[in-house]
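Worksheet: one structure, shown below.
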Amino acid sequence: MDKRRPPPSRKPGADSKKRKDAPTDARPGNNRVSSKRVKFQDARNIRSQPADAALDDGKLDLLKFISAREYEVKALESSMRKCKAVNSTRVFQQVPRAMRRRTASHNVKRVPKRLRERARREQIEDNTPTVEARKRRPRTTRARIRAETIKRLEALAARKKKQRADKALKEGRDDSDKPVAVVARAPRPKIRRNMLNEPPKVASKFKKRQINKTWLPTHLWHAKRARMTEPAKPLWRFAVPLTPTEKCYRSTHRSSGQKGAVVWDMSYMSTIGLYGTDEGVGRVLKVLGLTQEGLWGPRGQKWRAGLRKWSGMLSKQKRESRRNIGPATIVWNSEPPLQSADESGSSETPRRQRQLLIRTHPSCFLELFQELVKLCKMQSPQLHVEDLRYEIGSLELTGPGSTEALLAVLKPYHDKPEAEEPHGCILGSLAGVTNPASLPKDAFLSFSVKDPRLSYPPKKVDVPDEGSPHLLNLLTKWPVEEKLKPFALFDREARHKASQLPSQKSINRRKGSNVPGKAVAATPADPPIPIMLLTSRPALGGQAQGTWTLLAPWKCILPIWYSLMHCPLSTGGNPRLGGLDEQRQVAFEQGAPWFPADFPATDAGMKWELNEREKRKRDWDRRPKGKRVAWESLDLGAGRKGEVGDGLACDFEHLFGLPRHIPSSTPVSSEQDADTMEVDPPEEAEDTTANSSPPTISLASVNQQTKGTFDKLAARGNTEPPPQNSLLTVNLTIIGRGVAKTCARVYRLPQDPAMTAYPSTQTEVPATIPPPGSSSSLPSNLRQQWLAEDPTAAATKNKSRNPRPPAPPRMPPNADLETRKRLLAASLLTSALPFPRPPASSKLDVGGHPLCPGEEDLIGFVTTGDYNLREGRSTAVGALSAEKAVETVRSAGAREGRLCVVRNAGESVGWLARWEVV
Amino acid sequence: MASLSTDGANAPPPLINRPEAKLPALPKGSRLHKRPLPSLPLRTTTRPYGPDFDLDGYRMPPRAPHTVVIKVSASTPFMAAVKRARNALETGPQTTKGLPLTARIAALGVDAAKAGEQVLGPVSDALDEVVLVATGRAIAKALEVGMFLRKNKELVVVVRTRTVAAIDDVVMGGMEEEEGGGEEQVRVRQLSCVEVGIRHRK
C-alpha cells in the first residue's frame with residue numbers, strides 16, 4: 001500500500017521510446033489512449049491512510065486505527081478487482097484454445113471476424129506495432145530474389161496476355177465463344193504393371209514444395225493445425241503430420257479410450273494390388289510367410305472369399321533364415337457369383353482370377369513391392385502387381401465415438417432402393433456400437449457412399465442401446481455373405497469416376513437452391529465413392545478400443561475428412577485430430593509395439609533406429625559439455641564405470657557382440673546384403689538426409705522371433721538350443737516406482753552364486769570399459785535383494801532387506817513434561833535409522849537401492865517407454881535377446897525368469913520390471 | 001424400479017430373461033475370447049419412451065450426453081472410485097463455456113427438454129446422476145462405493161440392476177488363434193450388471 005504515492009509519472013511518449021512511431025498528440029487515437037491510461041492508473045491506485053492519523057495526542061485510538069486498516073483492505077481488494085476489469089485482457093485471449101493459431105498474433109486479420117473490430121481498436125489503443133505481410137520488406141537474400149522473381153514473372157505474364165489479346169483482336173476472333181461444351185475426358189492416371197506408380201500431378205502452384213515428397217490429400221488442412229515433418233526431411237517421402245499444434249496428450253488418451261474419437265489421415269500407408277490365378281496368389285502369399293494351416297484350410301475360407309481380412313507380419317526368405325518385412329493387411333476381392341456357382345457345380349475351373357489388396361507401411365513398401373514383383377515373375381502363369389499408393393488413400397479412427405462419426409458421415413449410395421448394398425445397411429444398423437473391437441474379428445465392409453459434401457454439415461446420429469436385440473443379432477450373425485458382389489474399390493474405373501467429384505462451387509450452388517437444412521439429393525453427376533471399412537482389434541486383446549480403417553480413392557479423402565472433423569458426437573465435441581505421435585501414444589497405451597520403431601529386427605525398423613541414433617547424437621552434441629550426460633563417468637556402483645554400450649542407442653550390436661557400424665566412413669564388410677539395400681532406385685531412396693552409406697550391416701543380421709516359437713522353446717523340458725542373434729518383442733511393466741525411457745537397458749536378475757550359472761552359450765561378450773572381472777565385486781545376495789523389491793513376492797516371503805524402523809515408543813498418557821523430554825531424547829538417540837546415511841554409491845547399493853546387475857546379465861533394450869496413463873504406471877515396449885530370454889526362463893522358471901531390471905541410459909538406478917512376450 | 005409384470009397366477013411366473021435352451025458345451029481344444037462389453041446406453045430426453053426395455057422388461061432411465069459414467073472394475077481402487085464420483089458431482093453438469101457454438105446450443109436443448117419433463121419425476125432426476133456401472137465380480141465394489149457415499153446426507157443413491165448381453169467368440173486352438181484361424185462360433189452370455197446412480201438431494 002503506497003502512502004499516497006504519486007503514480008509513476010508518465011510523460012506522453014516517455015514509455016513508448018522503444019516503439020518506432022510514438023503516438024503524437026495529433027494522433028486521433030491519442031484521446032482514447034490517455035483516457036484508458038487514466039482509468040488504468042486510477043484502478044492501480046490504492047488509497048491508504050497514514051498511520052499517525054489514528055494517534056490522538058500520541059495515544060492510539062484503537063477504533064480509528066482499525067477502521068482505517070479496514071478501509072485500506074477494502075481499497076486493496078477493489079483495486080485488484082478494478083485492475084482485472086480495466087486491465088488489458090486483449091480480445092485474442094478469448095479465442096478458444098483449439099484456435100490457437102489465431103490467438104498469438106498481432107495480425108488483426110487472424111482473429112475471428114466477430115472479434116476483429118475490437119482487436120483493431122485495442123491495437124490502436126495499445127500502440128501495438130502491426131505488420132502487414134504484403135508490405136514487409138524481404139529480409140534475406142533468398143526472399144529478396146524470390147520477390148524479384150515474382151515481380152518479373154508477373155510482368156511477363158501480363159505482357160503475354162496482352163500480346164495474345166492483341167493478336168486475337170487483329171485476327172478478328174473472339175476468345176470468349178470458344179467451344180466449352182466439348183470437354184475432354186479427364187485422363188485416367190497411369191498404373192503400370194509391376195512398376196512403381198508416380199505421385200499424382202499437383203497444381204503447379206504447389207509443385208515446388210513437393211519435389212522430394214508427396215503431400216497427403218489433407219495436407220493444407222493439416223499444415224495449419226499440426227506440426228509437420230521438416231520440409232527438407234520428409235518421412236517415408238511424405239509430409240506427415242507429427243502432432244497437433246495444441247497440447248493434446250491427455251485429451252488423446254481420453255478420446256481414444258473413454259469418450260470421443262481420434263482420426264488420422266493415413267493416406268501415406270501403401271496399397272499394393274495383386275492379380276492372378278487362385279493358386280498362384282496362394283503360392284506367393286505362402287512364400288511371404290502366410291503359412292498357417294488355418295488360412296488355407298476350411299477355416300480360412302471366409303478370408304479367401306472376401307468376407308474377412310487378414311493382418312499380420314510378412315516375411316521373406318534370406319539365405320537359411322526368414323526375415324520379417326513388416327505388418328500388412330490382406331483383403332481378397334469377393335468373386336462374382338456366376339463363377340462361384342460354376343465352381344460349385346464342377347471343379348473344372350481351377351484357374352480363377354483373383355484380386356487382392358495388400359496394405360502395408362510405407363517404410364517397408366519398397367522391400368515388399370520388389371519381393372512381390374520377383375515372386376510374381378516366378379509363377380506361371382504370371383501374376384502381376386500394381387502399385388496403388390496414390391490411388392487409394394485411407395483414414396483411421398479409434399475411440400468410442402468412432403462408429404458414430406462414421407455413421408454420421410458415410411451415407412450409402414444407391415440410385416434405386418432395390419440396388420441398396422447390404423454392407424451399407426449393416427453399417428447403418430451399427431449405431432450404438434462404441435467399440436469397433438466388438439465386431440467379429442477382422443470384419444470388414446465394402447460399399448459405395450455419397451459425396452459427404454451433399455449432407456454437410458453432418459448431423460448427430462440417433463444412438464440406440466447397444467444391447468438391443470437387433471444389434472446383438474447383427475453382431476453375432478454378421479450377415480456379410482448375402483448378395484455379395486465384387487468390391488468396387490478394386491475397380492479402377494469406379495475409383496477414377498469417384499475421383500471426379502463435382503466442384504465445391506457447384507455443390508454450393510445446389511445447396512443454395514435447396515431447402516435449408518436438408519441434404520442435397522444426389523444426381524447422376526455425383527459419382528458413388530467406393531469405400532472399404534476394415535476393423536481391427538487391439539493387438540493385445542482385452543477391453544481396449546479397436547480401430548476403423550477407411551479406404552477410399554485418394555481424391556475422395558479430403559471431403560470425407562472435412563465432414564469427419566465437423567461431425568458432432570453424442571458425448572459432446574468433435575473427433576480429434578491425431579498425428580504420428582498420437583498413433584504411437586495409442587499403441588503404447590495398449591501395450592502394443594508400433595511399426596517401425598519397435599521392430600528393430602526388420603529393415604524398416606533398423607533404418608528408424610539408425611535415424612533416431614543420429615538424431616539423439618545430434619541433440620547430445622548440441623548441448624554444452626557440462627549439461628550433457630558424460631557416458632564414460634557414469635558410476636554403476638561396485639567399481640563399475642561407464643555406460644554399457646552406446647548410451648544414445650538401443651545398442652543391439654553390443655548385446656550380440658556384432659561389429660559396430662560407423663556411419664560416416666564407408667564400412668567394409670563381407671556381410672553386406674546387396675539384395676535388400678542396394679537396389680533402391682535413386683528416386684526411391686528412403687531418406688536422403690541419412691548419409692548415403694549403406695545402413696548398418698551388422699544389425700541387418702538380427703532376426704525376429706515370434707511369440708509362438710518362444711513359447712515352444714521356453715516350454716518345460718525343451719533343450720533345443722535357442723536361436724542366436726534374434727530378438728523378441730516384449731511388453732515391460734515396471735513393478736513399483738520408476739519410469740523407463742527409450743534406450744533403457746534391460747537386465748535379467750543376477751544369478752545366485754549358490755546355484756549353477758546360466759548356461760552361457762554366448763562366450764564372446766566383448767569386454768568394453770568395465771573389466772570383465774568387475775562383476776565379481778557385486779554383492780553375493782544381489783538376486784535376493786532384487787527379489788525383495790517385488791511387493792507381490794515380499795508380501796508372502798521374508799521382509800528382511802528393508803525392515804521398517806520400529807515406531808518410536810508411545811508416550812505414556814500421564815507423563816509430565818520432564819519425562820516426555822527424556823523419552824523423546826532417548827528415542828532420538830536410539831533410532832534405528834542409519835545416521836549418517838551411507839554414501840550414495842557404496843559397494844553394496846546405490847543410496848539404499850540394490851545395485852544394477854552386471855553386464856553379462858544385459859538381455860535387451862527398451863524401444864519405447866514412458867508413463868502409461870491407462871495403466872497408471874510406467875510401461876515399456878522393448879526388444880530382448882531371444883537366446884538369453886529363453887535361457888533365463890528355462891533356468892529360473894516362468895515367473896521369476898520374467899522379472900528383470902530396467903535401467904535408463906545414463907542413470908545408475910535400476911527398477912524391477914516384468915516382461916511379457918507380445 | 002424394475003417394472004416386472006406378474007400375471008397373478010399362483011405358480012411363479014417364468015423368468016423373463018430365462019434362456020430357452022442351454023448353450024452347447026464348448027468343443028474340445030477351444031476356448032472363449034470375450035469381446036468388449038457394450039457400453040452403457042446413451043439416451044437423450046428427446047425420446048423418453050424409446051425402444052428401450054431391456055431383457056428384463058425394465059425401462060432404463062434416460063441419459064444425457066453430460067452424464068458422467070464411471071466404470072468400476074474389480075481392480076479399481078475403492079477410494080479412487082469414490083473420488084471420481086465426488087469430483088463429478090462437484091463439477092456438476094458440464095459447463096458450456098469454451099465449447100463451440102453448436103455444442104452450446106445443443107446443451108441448451110437438453111436443459112429445455114429437462115425443464116419440460118418435470119412430470120417424469122425420477123426420470124428427469126436421473127439426468128443429473130453420476131452413474132457407477134459394474135458387472136459380475138465388480139458389483140460388490142460398486143455397491144460398496146455407493147453405500148459409502150450414502151453416508152453423506154446430501155446425496156441420494158439409487159441402485160438399479162440390469163442384465164447385459166455380452167458376446168463371446170469360440171476360438172479353436174491356443175496359439176493358432178492369433179494367426180488367423182478365425183472364430184467358428186459366437187455365443188451370447190448374459191451378465192449381471194449394477195448401476196449406482198448418485199445425485200444431490202434437492
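As the structure is a prediction and not an experimental result, all values here were calculated from the model. In what follows, every chain begins at residue 1, and chains take the letters A, B, ... in the order their sequences are listed.
Options A:Gln258, A:Lys477, A:Gln543 differ in how many heavy-atom pairs under 4.5 Å they form with chain B, and the most are formed by A:Gln543.
For A:Arg322, the salt bridge (charged side-chain N to carboxylate O under 4.0 Å, His left out) test picks out no residue, with sequence neighbours left out. With sequence neighbours excluded, the residues that form a ring pair (Phe, Tyr, Trp, His ring centres under 6.0 Å) with A:Trp332 are A:Trp303.
Atom CG of A:Leu471 is separated from atom CD1 of B:Ile167 by 7.5 Å, given to the nearest 0.5 angstrom.
Closest approach of B:His33 and A:Arg537 over heavy atoms only: CE1-NH1, 3.1 Å. Considering every non-hydrogen atom in both B:Pro36 and A:Ala437, the closest pair reads CD-O, 3.6 Å.
With a 6.0 Å radius and a threshold of 12 heavy atoms from other residues, nucleotides or ligands, B:Arg84 has its CZ atom at or below the threshold. Within a 6.0 Å sphere centred on CZ of B:Arg189, heavy atoms belonging to other residues, nucleotides or ligands number more than 12. The local environment of NZ in A:Lys459 is crowded, with over 12 non-hydrogen atoms from other residues, nucleotides or ligands closer than 6.0 Å.
The contact between A:Leu439 and chain B is made entirely by backbone atoms, counting heavy-atom distances below 4.5 Å.
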*Would B:Arg35 and A:Leu475 satisfy side chain to side chain contact (heavy atoms under 4.5 Å, CB included), going step by step from the backbone distance to the final call?*
CA-CA 11 Å; B:Arg35 289 195 202 167; A:Leu475 290 182; 4.1 Å; yes
